Each structure stands twice: as structure tokens, then as C-alpha cells.
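Let me begin by presenting the structure, written as C-alpha cells, before commenting on it.
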Amino acid sequence: MPAVSDSPDEFRLIADLFAPLSRGYPGALGLTDDAALMRPPPGMDMVLTVDAMVEGIHFLPDDPADLVARKLVRVNLSDLAAKGAVPVAVMLAAAFPHNVTGAWLRRFADGLRLDLEAFSIALIGGDTVSTPGPLTLSLTAFGQVAAGTALLRSGARAGDRIWVSGSLGDGAAGLRAAQGLLGDARPEHVGYLADRYRLPRPRTGLGPELVGHAHAAMDVSDGLVQDLGHLCRASAVGAEIRADGVPLSPAVAALVAADQSWLATVLTGGDDYELLFTAPPEETEALIQIAARTGVALTPIGSVVPGSGVTVLDADAVPMRLGPAGWRHFRQSPSGDAT
Ligand SMILES: [Mg+2]
């Protein structure tokens, strides 16, 4: 890795730690050259994505270094999965504060190695620098998909069903669990949620299976309603979803049952890294089979409609709106004002 570091020792440590992570990928050139080489197989499109994480914003200062590394890999692989791509390689740019220790770096490299192996991908290059500011990490991920078949945000059509993988709300509830703010919840739920926040499960197996079935797809990283809004804008359509149809883990279901205001967190909280996609109704049977084959739950939560915007409906199909006190029923008063 062409590292820029303050001391020869640091340079050597980083080279020693990161060079093995190229895992024999030929174009990585052992992380000793100026750049890496990559030749996509014939008939494939390369899919590229980059995500940055800043200490104190995207992860907690006391989060274990190995989990920080693995989260960095996973949030990027989630974006590749959302395009239907199979991950191939990553490049890392890291700005380490002056006080970062060798032990921290070793643990960080350990976490990277674990997930590069788990997802069968290689570190093919990168750069490390020192910074007086917070620890800042940027990972670029490369994947591939059959040419012209990548799933885009812009393909949704009126009449499509809207689906999500897994369960929603775990990431946002997990942040609070990791911060020790879920004192009343059951200990096993707190543990599950904190783990979901620190270690997202990118749907790398599911994403490529959706190619040819889904019209549009993205991953849920900023919250269901916001992200579905992005997808609707890209596709020039609207969406109607049922709040009570959104799949919940037992841990989040327990939080909602105890306090309905958690529903707002489920609908708008971030960090879930599940896949959100639309597909025509005739694909439903194929999707049920994909769910069974991949072991990832798929849940229909609503429909794509003509128009624009995301409408959230309650169990009685009455529109709800997000106010300061969370999601509330939205009814027209006789004067026409929303109340
Ligand atoms: Mg994304």
C-alpha cells in the first residue's frame, strides 16, 4: 500500500498489516505499486461505490477497532448488493489520529481480514495519512454484475409491490443500545440490537438474486421513509406503505409494544442496511422462493403509485404524518387544514 506516514516504523507496521489483505489478488501487485489493475470479465459491468466513516459520527469512539473495520466493509458491500452486484475488491483511505496505537491498528487489520475473507474479496490498494482530527475512514468497493442488469433506483413503476429484506429499526435502536440508553429493555434484546448497529449484515447473497426480478432497488441506510422517497424521486413515482406491515425484529417489536413512539424510529431511523426494492406483482412467487433459498426474509410493505412522495398508512389505511411527537394519524379538518 502506498502509505504516507510520519515515521518509518508506522510505515512498516501498516505495510506489514495491510499487505497480506490483498489475499493474492493479482492486480493488487502486493500493495507495493502506485495503483492496482482490474480487468472486468467479458460481459460484466463494474459497480463502484464509496463510503466514509468519521469517529464520533458514524461509529463511537470506544467501538472496538475490529468492528469499526468490519462495519466499514459492510456498509459498502450493502451498496453493491443493492445494485445486484457481487463484491470483488475494496480500496481503503484512512486518516489516523496521531494517538492511534499499534494495538488499535492490529485489531483494525484483524477485523478487515475477517470480513475480506468472509465475503471473498481483496484489499487491492489504498492510502494512509496522519490527521490531527478525528479518525476518518473511506472505503471504495468494486463489484460486478452482468452488463446492463444492475438494479437502479430509477426503475420503479406504478403497480409494483414494495419489498424490504430482514427487519427495520434495528440499526437506530441498536445505536441507543450501544450507547447504554435502553435501560428498560431485556438484556438479550439490548445485546442483539447493539450487535446489529455495530455489525450490519449486508445482503450480498440476496442482491444478485434480485436481478431480473426487481424493477428498482437501493439499500436502507438513512431510514425507510427518506430512502423510499429517494427511490420514488429517481423513478418519478409515489409510494404507499403500511406502517403495520414493516417487518420488526422481536427486540424492536417489544420496544414498539411498550411505547408506540418507537414506530417513528422504525420508519425513519438509519443504519439498517436492508434492501428496499420494487417488483411487479407477478414476481411475488419468485421472490418467495428467493427468500427461502437465501434465508433472508422478504416482506411486502406497500405499493408504487402514480404521483410523488411517500404516504405512510396506519392499520385502517388512514395516512399518518411525522410530527414532533412521532407518527400521528393525519386527517383533514372541515376547514381543510391538516390536524
Ligand atoms: Mg445506499
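In listed order, ligands and their atoms are each counted from 1. Note that the coordinates shown come from a computational prediction; the quantities given were computed from them, not determined experimentally. Numbers for residues simply follow the sequence, beginning at 1.
Among residue pairs with one or both ends in residues 196-255, none qualify as ring pair (Phe, Tyr, Trp, His ring centres under 6.0 Å); sequence neighbours excluded. Sequence neighbours left out, the pairs with a member in residues 257-271 that pass salt bridge (charged side-chain N to carboxylate O under 4.0 Å, His left out) are Lys71-Asp271.
Inter-residue side-chain proximity for Ser221 and Tyr273 is flagged as met; some heavy-atom pair is nearer than 4.5 Å.
Taking the ring axis of Trp262 as reference, the NZ or CZ atom of Arg176 stays within 45° of it and closer than 6.0 Å to the ring centre.
Counting only protein N, O or S atoms, 2 lie closer than 2.8 Å to the Mg ion (ligand 1).
Ring pair Phe277/Trp163 is parallel by interplanar angle, where below 30° counts as parallel and above 60° as perpendicular.
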Residues 237-245, side-chain donor-acceptor partners within the protein, below 3.5 Å, at least two apart:
{"unit_1": "Arg242", "atom_1": "NE", "unit_2": "Asp244", "atom_2": "OD1", "d": "3.2"}
{"unit_1": "Arg242", "atom_1": "NE", "unit_2": "Asp314", "atom_2": "O", "d": "3.4"}
{"unit_1": "Arg242", "atom_1": "NH2", "unit_2": "Asp244", "atom_2": "OD2", "d": "3.4"}
{"unit_1": "Arg242", "atom_1": "NH2", "unit_2": "Ala315", "atom_2": "O", "d": "3.2"}

